Amino acid sequence: MARRRAVLAGLGAAALARGASAAALPAGIGEFRRGDFDMVGVFDIDWLTEPRMTRMLDAMAASPGAFGAVRVFGVLNAGEREQVAPTSSGRTWPAPGAPMDFAASLAGIEALVSRGLLPFLPLAFSPAALAPHPAEPPADLGLWQRLVRGFLDAAVARFGAAEVGRWWLEVWNEPNMPPFWRGDFERYLALYRATAAAVHEGGHQVRLGGPVIAWMPEEGPRLMRRFLEFLRDEPAVPCDFLSYHRKGIWVEEETEPRLSRLVEAAEQTAAMAQDLVPGRCRGLVLVNHEADMKVGFDQPYAPRLDERFPSWLAASAIAHTALSLRHAGQGLRFAAAADDANQHLVRAPFDGRRALFTRTDAGPDDLVKLPVFQVYELLRLLGERVLSIAPGPELYAMVTAGEGGIAALATLQAGAPRRWRWEQRDLPWPRVNLALFRIDATHANAFAAAGRRMPARVDAAAAGRLRQAAEGMAPAPLRPGLAPRGGRIALDFDLAPGTTVLAWVTPFEAAVPEAPRGLRAEARGADVLLRWAPSRAPGFYGYEVLRRQAGGPWRRLAPPLRGAEWTDTAPPAGAPLEYRVRLLSTSGKRSEAATTTIRP
């Protein structure tokens, strides 16, 4: 109780009228765009229909608003699953005289679109009709243009022009890295020009960008400048976004990840764009879509498994939002993402490869969330107005407001442990709810619960325990119906390096939420997988999942869940199992229960 009183210090009675509108919220200092930070990356499109990958995509779709886009390679040389670099020409176009076959590419895209995820597609790599190796630049740009038009025609025929117009398309990937490109940069510029012409001649309205360079410390600025000079000299060539990859560590001399390196690359790109193509800056997006801690998503690295990765991504979102606010006058926007959904590379539980989940030994497609998954759940709660922001260099903090409430996000990237105090005045609601979330060494951390072993042995019993640990983001119970004195709230948070916290203040609503819809249970080996339609209600807090057997007592299976699914690991066999799912609102109101029964 003492700890709870300390956390909730400063709460008392309010003087504002009930039912305050969103317009009564503080105006803020600028805009927060969650869509600039809700993308994840997968190396090869052929993996998107593999069972473990579809399990991951289902879990992403079960949390609408947490994940928005997936960047995935290989739409032009699909047909064979690849690991970390293009090695196969695929089956898309075996010879210039043969028909093109985009079935595998379209199936992978369908796996995204059907789940409400936006495709972000590098137009790569070379099929056999164009080059003897997929990393080889096309020798005949006319054939390349036929390939680009063929893919876009097939995509529009399958998904419609309006849907394809929402996608992000970029020309190739890392045309300065030999595993991906066996040519010089001038040859890349010719490829970009030819691609833009093919899109225009095909009559397609799409977002197109580049140059997708690996931002090496010395090479990155030089190549970005050359690309911008190319755009300056050829104003008819379109470019809707500038893309690059600046990571916290690129070379051996960079021994520790530093977010300042990402910010420096973004600032350099912005300065060059304003200098060389000022007329194009209005609405231009600068996308660092591999803004990871460290290069090598297939190389084991323990910080990817624990609280340090979500802290990195939260700090990156805050830092890039600060850049967007700083350059709003020029019309530039900054986005950042991680190449962190390569589930096919996870070979053993907690093996340190970059992924949102780890696999377990409980079943061939059994997965447990890593802490990094939950940072997207936190970003989901942020509003569209930035009230205040502090972009590092050690403490990164941001407060946002929206119709759903006011959210304060903070993470400590480095330095000594410290206390962070958040105070918010002029709350427009007489009664509010307070929800606290935390990702640290003990909260929402399956890796810590597994003993921080890399790799680890995770049998069915351990999988069930770790699955619950992964969902435990709440350091204190939900507090509905509080009356803030004078429209003010003040909270104190103790932060150690790698800790990420979010406080969410929402208006109290007495209405009972609607019950979950579409609850179904499916046997998966010895497990039972529960799914239901996810809630998009503004006051949604979580789901309560309970189970009973043979009319016995109900047993709560997990902490309140943010996602609309749950795996009941190795439940009791024999008599039928009955499951109950209820929605819990931020105002502490429980819905009627949805129920289903299964005999495992």
Side-chain angles (χ1 to χ4, degrees), residues 41-50 53-54 70-114 117-161 163-164 167-175 179-183 187-188 190-192 194-199 201-204 206-208 210 212 342 344:
V42 176
F43 179 69
D44 184 34
I45 198 164
D46 293 296
W47 284 99
L48 291 182
T49 54
E50 190 267 343
M53 190 69 73
T54 59
V70 175
R71 181 171 179 261
V72 61
F73 298 83
V75 294
L76 299 184
N77 68 317
E80 295 184 24
R81 292 173 180 169
E82 298 180 298
Q83 297 286 336
V84 298
T87 57
S88 167
S89 298
R91 302 189 183 99
T92 302
W93 200 13
M100 300 177 194
D101 181 3
F102 297 104
S105 298
L106 298 178
I109 294 172
E110 175 68 31
L112 303 180
V113 172
S114 64
L117 298 167
L118 193 68
F120 193 121
L121 306 175
L123 294 175
F125 297 98
S126 290
L130 299 186
H133 189 277
E136 190 76 26
D140 187 329
L141 291 180
L143 290 179
W144 168 259
Q145 291 177 315
R146 280 178 55 192
L147 177 65
V148 171
R149 288 195 299 268
F151 169 69
L152 291 175
D153 289 345
V156 168
R158 176 74 169 268
F159 302 103
E163 171 61 30
V164 174
W167 302 354
W168 298 70
L169 305 176
E170 60 187 348
V171 182
W172 212 261
N173 176 69
E174 294 188 354
F180 300 104
W181 179 255
R182 297 182 175 182
R187 200 167 177 184
Y188 171 76
L191 186 77
Y192 189 97
T195 306
V199 170
E201 292 165 6
H204 297 290
V206 299
R207 282 185 285 196
L208 187 70
V212 214
N342 290 290
H344 63 285

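Only heavy atoms go into these numbers, but all of them, side chains included; no hydrogens, no water, no symmetry mates. Note that the coordinates shown come from a computational prediction; the quantities given were computed from them, not determined experimentally. Residue indices begin at 1 and follow the sequence shown.
In this structure, Ser126 and Trp93 have side chains that are not in contact, with every pair of non-hydrogen atoms separated by 4.5 Å or more. A heavy-atom distance below 4.5 Å is found between the side chains of Leu121 and Val72.
Put simply, the residue from Leu147, Asn77, Thr92, Leu76 that forms a side chain to side chain contact (heavy atoms under 4.5 Å, CB included) with Leu130 is Leu147.
Here the closest heavy-atom approach between residue Asp44 and residue Glu80 is recorded as OD2-O, 3.2 Å. Taking all atoms of both residues into account, the shortest heavy-atom contact from Ala78 to Ala104 is CB-CB, 3.9 Å. Nearest approach of Pro119 to Glu163, heavy atoms of both residues: CD-OE2, 4.4 Å. Shown here for Ala128 and Pro94, the closest heavy-atom pair between the two residues is CB-O, 3.4 Å. Pairing each heavy atom of Ala129 with each of Ala95, the nearest pair is CB-C, 3.5 Å. Scanning both residues, Gly108 and Ile45, for their nearest heavy atoms gives CA-CG1, 3.9 Å.
For the side-chain hydrogen bond (donor to acceptor under 3.5 Å, both in side chains) test, no residue two or more places apart in sequence or in another chain qualifies with Glu50. Not counting sequence neighbours, the partners of Trp144 by the side-chain hydrogen bond (donor to acceptor under 3.5 Å, both in side chains) test are Thr195. Remark: Ala85 pairs with Pro179 by the side chain to side chain contact (heavy atoms under 4.5 Å, CB included) rule, at least two apart or across chains.
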Side chain to side chain contact (heavy atoms under 4.5 Å, CB included) evaluation trace for Glu170 with Phe120: CA-CA 8 Å; Glu170 60 187 348; Phe120 193 121; 3.4 Å; yes
Side chain to side chain contact (heavy atoms under 4.5 Å, CB included) evaluation trace for Trp168 with Arg71: CA-CA 9 Å; Trp168 298 70; Arg71 181 171 179 261; over 6 Å; no
With side chain to side chain contact (heavy atoms under 4.5 Å, CB included) as the criterion, how do Val113 and Trp167 come out once you've worked through the C-alpha distance, each side chain's angles and the decisive distance to 0.1 Å? CA-CA 10 Å; Val113 172; Trp167 302 354; 4.2 Å; yes
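Classification of the Phe125-Phe180 ring pair by plane angle, with boundaries at 30° and 60°, yields parallel.
The distance from atom NE2 of His204 to atom CZ of Arg149, rounded to the nearest 0.5 Å, is 9.0 Å. For the atom pair Leu106 CG and Glu110 CD, the distance stands at 9.0 Å (nearest 0.5 Å). Atom CG of Leu48 and atom CG of Leu117 lie 9.5 Å apart (nearest 0.5 Å). Atom-to-atom distance recorded for Leu191:CG and Leu123:CG is 9.0 Å, nearest 0.5 angstrom. Rounding to the nearest 0.5 Å gives a distance of 7.5 Å between CG of Asp46 and CD of Glu82. A distance of 10.5 Å separates CH2 of Trp172 from OH of Tyr188, quoted to the nearest 0.5 Å.
With hydrogens and angles left out, the side-chain atoms of Arg81 and His344 include no donor and acceptor closer than 3.5 Å.
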